[in-house]
Amino acid sequence: MVCAAGRHLQRDSADGLHDGKRLCPLHADRGGFSFAQELPVLIFPWFILGGIVLAAHSGGHMAVEWIYGKLQDGARTTAFVVANAVSAGAFLVLGYQAYRVGEIAGIEHSPVLQLPNSVGYFALAIGSVLVAIVTFAVVLRVLRLGWESRTNTESGEVAL
């Protein structure tokens with residue numbers, strides 16, 4: 001193979017292609033901008049989990065709340081606390097399991113950037129823990145300030 005500079009290249013198991021003195025500047029067989037294919041895969045989970053945490057914080061998440069309108073004050077608050085405690089617990093379990101899988105997936109690395117494949121799993125783990133924290137914060141707010149202080153779940157535009 002010939003480098004862009006016109007030098008003949010030799011394959012080296014540790015460094016890829018080189019001309020005997022230094023690596024080819026363009027890494028002829030690595031494709032130049034190959035990292036551009038890996039970046040969306042690495043960044044995507046962080047954007048998605050960030051959106052989920054923001055939605056949980058602002059009340060823009062999907063929720064089934066018809067039962068709260070059918071209950072009285074004490075029973076409504078109890079149902080709310082129990083439902084959110086179960087939800088937060090499920091997110092903590094999800095975060096823990098994602099962390100464990102991330103440890104395993106970290107053995108493999110992306111071909112160009114050499115980043116561990118655990119990045120998406122750790123994004124899921126961190127996002128799940130953050131959603132659990134937001135959920136517990138909403139429960140504490142309702143317990144301290146009353147039912148009217150809970151997160152607004154009406155549909156419509158939410159200002160950032």
Side-chain angles (χ1 to χ4, degrees), residues 1-4 9-68 77-144 150-153 155 158-160:
M1 183 174 277
V2 177
C3 179
L9 301 175
Q10 303 165 351
R11 182 160 302 278
D12 180 12
S13 62
D15 295 330
L17 296 175
H18 64 90
D19 64 359
K21 297 179 185 138
R22 63 177 188 245
L23 286 173
C24 175
L26 297 179
H27 299 287
D29 72 339
R30 292 193 180 182
F33 288 105
S34 295
F35 69 91
Q37 293 176 340
E38 291 182 8
L39 284 180
V41 173
L42 295 171
I43 295 172
F44 180 75
W46 294 100
F47 282 132
I48 296 302
L49 268 297
I52 291 170
V53 172
L54 286 174
H57 176 67
S58 67
H61 60 288
M62 292 177 57
V64 179
E65 299 202 355
W66 61 267
I67 194 166
Y68 298 136
T77 302
T78 302
F80 181 77
V81 169
V82 169
N84 281 291
V86 168
S87 176
F91 275 107
L92 289 174
V93 169
L94 175 63
Y96 173 74
Q97 292 301 323
Y99 176 78
R100 296 294 307 264
V101 172
E103 288 178 328
I104 297 167
I107 295 170
E108 297 178 356
H109 290 77
S110 61
V112 177
L113 296 176
Q114 293 299 310
L115 294 173
N117 288 343
S118 59
V119 170
Y121 293 103
F122 289 142
L124 179 59
I126 291 169
S128 297
V129 170
L130 290 175
V131 170
I133 290 170
V134 167
T135 304
F136 281 131
V138 171
V139 168
L140 292 175
R141 186 171 59 227
V142 168
L143 289 174
R144 183 168 184 255
R150 71 187 176 96
T151 306
N152 181 14
T153 57
S155 61
V158 177
L160 297 177

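Within the 4.5 Å cutoff, no side-chain heavy atoms of Tyr99 are placed close to those of Val129. Residues Ile52 and Val131 form a side-chain contact, since some pair of their non-hydrogen atoms from C-beta on lies under 4.5 Å apart.
Expressed to the nearest 0.5 Å, how far CD1 of Ile133 lies from CZ of Phe91 amounts to 12.5 Å. Rounded to the nearest 0.5 angstrom, Trp46 CH2 and Ile43 CD1 are separated by 11.5 Å.
Identified under the salt bridge (Lys or Arg N to Asp or Glu O under 4.0 Å) test for residues 111-129, with sequence neighbours left out: none.
Within 6.0 Å of CD in Gln37 there are 12 or fewer heavy atoms belonging to other residues, nucleotides or ligands.
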Where do Leu143 and Val81 land on the side chain to side chain contact (heavy atoms under 4.5 Å, CB included) test, with the steps shown first?
-> CA-CA 8 Å; Leu143 289 174; Val81 169; 3.7 Å; yes
Which atom pairs, one a donor and one an acceptor, fall under 3.5 Å between side chains of residues 111-128 and the rest of the protein, sequence neighbours left out?
| from | atom 1 | to | atom 2 | distance (Å) |
| --- | --- | --- | --- | --- |
| Gln114 | NE2 | Ser110 | O | 3.1 |
| Gln114 | NE2 | Pro111 | O | 2.9 |
| Asn117 | ND2 | Glu108 | OE1 | 3.4 |
| Ser128 | OG | Leu124 | O | 2.8 |

